[in-house]
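To start, the structure itself, in structure tokens.
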Amino acid sequence: MDKKILDQQSQYWEKNFLSKPEMFGLEASKAAVNTLKTFKKENIKKIVELGAGLGRDTLFFAKNSISVQALDYSPAAIKIIDKKIAEHKLTNLVSTKIFDVRKKLPFKDSSVEACFSHMLYCMALTTMELKFLNSEICRILKPEGMNVYTVRHTGDGDYKNGTHISEDLYENDGFIVHFFSEEKVKKITDGFNIIDIEKFEEGKFPRKLFRVILKKNKIIF
């Protein structure tokens, strides 16, 4: 695997965020709408959003009274989110940080109620990096805390199209996507119970995705 190719993705996303500040639209993702119901049911009021992108889901959660700490590795994306939360007067509910999720997450052990990410896991991340991310999320979550994430799965129309990079990573139109099987989901979830692996579709193409709902194992001393 050529690490340079994966690292260059950050520059590609930065360029696209700057030139297309509404590239994903203004409406919340279907994943966020469904996950809000999950969080309300579990009485979760504070979350960490990893790979927040342009903030459409960040704003959605905040408008529904959930406090969000939004992380993204694109300075342009964070700048756009900051502008949006100021315009919508949501600065009391949202904080932002430029951050690369391949590094140790900037939160204390067992301090976070829940994590949410929409298509972060299917970015240009290797399986090893995904396992590390999973271990970090497990570390920062409280016992029985939740991690909800979405990924494009191997039934997606773009799977095996474009340039094969490595593993199940393929490059299409400049974007590298990591496609997931259910087996891969199970392979990277050490420390969690899998509550659900839900199939859904999004967009006109459509993209075919899993919404994975995990709950951290309860620690008994």
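Given the structure is predicted, the values throughout are model-derived calculations rather than measurements.
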Heavy atoms, side chains only, cut-off 4.5 Å: are Lys160 and Thr154 in contact?
no

Closer than 3.5 angstrom, by distance alone: can the side chain of Thr189 be matched with the main-chain N or O of Phe192 as a donor-acceptor pair?
no

So do Pro106 and Leu71 actually touch side chain to side chain, heavy atoms under 4.5 Å?
yes

Indicate the ring-plane relationship of Tyr121 and Tyr149, choosing parallel, tilted or perpendicular according to the 30° and 60° boundaries.
parallel

Taking side chain as C-beta onward, heavy atoms only, is Ile140 less than 4.5 Å from Cys115?
yes

Considering non-hydrogen atoms only, spot the tightest contact between Leu59 and His88 and give its length.
CD2-CD2, 3.4 Å

Identify the heavy atoms of Lys30 and Phe200 that sit nearest to each other, and give their distance.
CD-CD1, 3.9 Å

Evaluation steps, side-chain hydrogen bond (donor to acceptor under 3.5 Å, both in side chains), between Glu49 and Ser117
CA-CA 6 Å; Glu49 183 184 5; Ser117 57; over 6 Å; no

Which distance, rounded to the nearest 0.5 Å, do you find between the CE of Met119 and the CG of Asp57?
9.5 Å

Between Lys216 and Cys138, the two heavy atoms sitting closest are NZ-O, 2.7 Å

Taking the side chain from Ser181 and the backbone from Lys184, do they hold a donor-acceptor pair closer than 3.5 Å?
yes

If we only count heavy atoms from C-beta on, is the Lys142 to Ser111 side-chain gap below 4.5 Å?
no

Interatomic distance, NZ@Lys63 vs OG@Ser65, rounded to 0.5 Å, equals 12.5 Å

For residues Ala77 and Gly53, report the shortest heavy-atom separation together with the two atoms involved.
CB-O, 3.1 Å

Are Val68 and Val112 connected in the hydrophobic side-chain network, where two residues link if heavy atoms are under 4.5 Å apart?
no

Separation of Met128 CE from Ile188 CD1 (nearest 0.5 Å):
12.5 Å

Where is the tightest heavy-atom contact between His118 and Ala31, given as atom of each residue plus distance?
ND1-CB, 3.8 Å

Does the gap between the ring centers of Phe180 and His153 come in under 6.0 Å?
no

Taking only Lys NZ, Arg NE, NH1 and NH2, and the carboxylate oxygens of Asp or Glu, determine whether Glu136 and Arg139 approach each other closer than 4.0 Å.
yes

Is any side-chain heavy atom of Ile137 closer than 4.5 Å to a side-chain heavy atom of Val48?
no

Side-chain donor-acceptor pair present, Thr127, Glu167, cut-off under 3.5 Å
yes

If we ignore hydrogens and angles and just use 3.5 Å, is the side chain of Lys131 paired with the main-chain N or O of Asp190 as donor and acceptor?
no

Co-membership, hydrophobic cluster, residues Leu36 and Leu209, 4.5 Å side-chain:
no

Joint cluster assignment, Met146 & Val185, ILVMFWY side-chain distance < 4.5 Å
no

Are Arg207 and Glu202 within salt-bridge range, i.e. N to O under 4.0 Å?
yes

Does NZ in Lys46 sit with more than 12 non-hydrogen atoms of other residues, nucleotides or ligands closer than 6.0 Å?
no

Report yes or no: do Asn193 and Asn217 form a side-chain donor-acceptor pair below 3.5 Å?
yes

Look at atom NZ of Lys83 and say whether more than 12 heavy atoms of other residues, nucleotides or ligands are closer to it than 6.0 Å.
no

As an exercise, state the distance from CG of Leu120 to CG of Leu125, rounded to the nearest 0.5 Å.
6.0 Å

For a side chain to side chain contact (heavy atoms under 4.5 Å, CB included) with Arg211, tell me which candidate from Val151, Thr150, Ile197 qualifies.
Thr150

Inter-residue atom distance Lys215.NZ - Ile194.CD1, 0.5 Å rounding
14.0 Å

Write down the atom of Leu93, the atom of Ala62, and the distance for their closest heavy-atom approach.
CD1-O, 3.2 Å

What distance do Lys104 atom NZ and Phe99 atom CZ have between them, rounded to the nearest 0.5 Å?
10.0 Å

side-chain contact (heavy atoms from CB on, under 4.5 Å) for Leu214 and Val148? Distances and angles first, verdict last.
CA-CA 6 Å; Leu214 307 175; Val148 181; over 6 Å; no

Tell me whether Ile47 is reachable from Leu50 by hopping between hydrophobic residues (I, L, V, M, F, W, Y) whose side-chain heavy atoms are closer than 4.5 Å.
no

Determine whether Leu141 and Val101 fall in the same hydrophobic cluster, where Ile, Leu, Val, Met, Phe, Trp and Tyr are linked whenever their side-chain heavy atoms lie under 4.5 Å apart.
yes

Given Leu54 and Lys84, is the side-chain contact (heavy atoms from CB on, under 4.5 Å) satisfied, shown in steps?
CA-CA 9 Å; Leu54 296 170; Lys84 288 178 178 179; 4.1 Å; yes

State, yes or no, whether a side-chain contact exists between Glu198 and Val212 at a heavy-atom distance under 4.5 Å.
no

So Phe210 and Glu182, side-chain contact (heavy atoms from CB on, under 4.5 Å) or not? Walk me through it.
CA-CA 9 Å; Phe210 290 138; Glu182 285 197 36; 3.6 Å; yes

Please step through salt bridge (Lys or Arg N to Asp or Glu O under 4.0 Å) for the pair Asp158 and Arg152, ending with a clear verdict.
CA-CA 9 Å; Asp158 273 339; Arg152 292 172 75 175; 2.9 Å; yes

Are Lys45 and Ser67 side-chain neighbours, meaning at least one heavy-atom pair lies under 4.5 Å?
no

Would you say the ring centroid of Tyr159 lies under 6.0 angstrom from that of Tyr170?
yes

Can you tell me if Glu87 has over 12 outside heavy atoms packed within less than 6.0 Å of its CD?
yes

Classify the ring geometry between Phe116 and Phe39 as parallel (under 30°), tilted (30 to 60°) or perpendicular (over 60°).
perpendicular

With the side chain counted from C-beta on, respond yes when Val177 and Asn172 share a heavy-atom pair under 4.5 Å apart, and no when they do not.
no

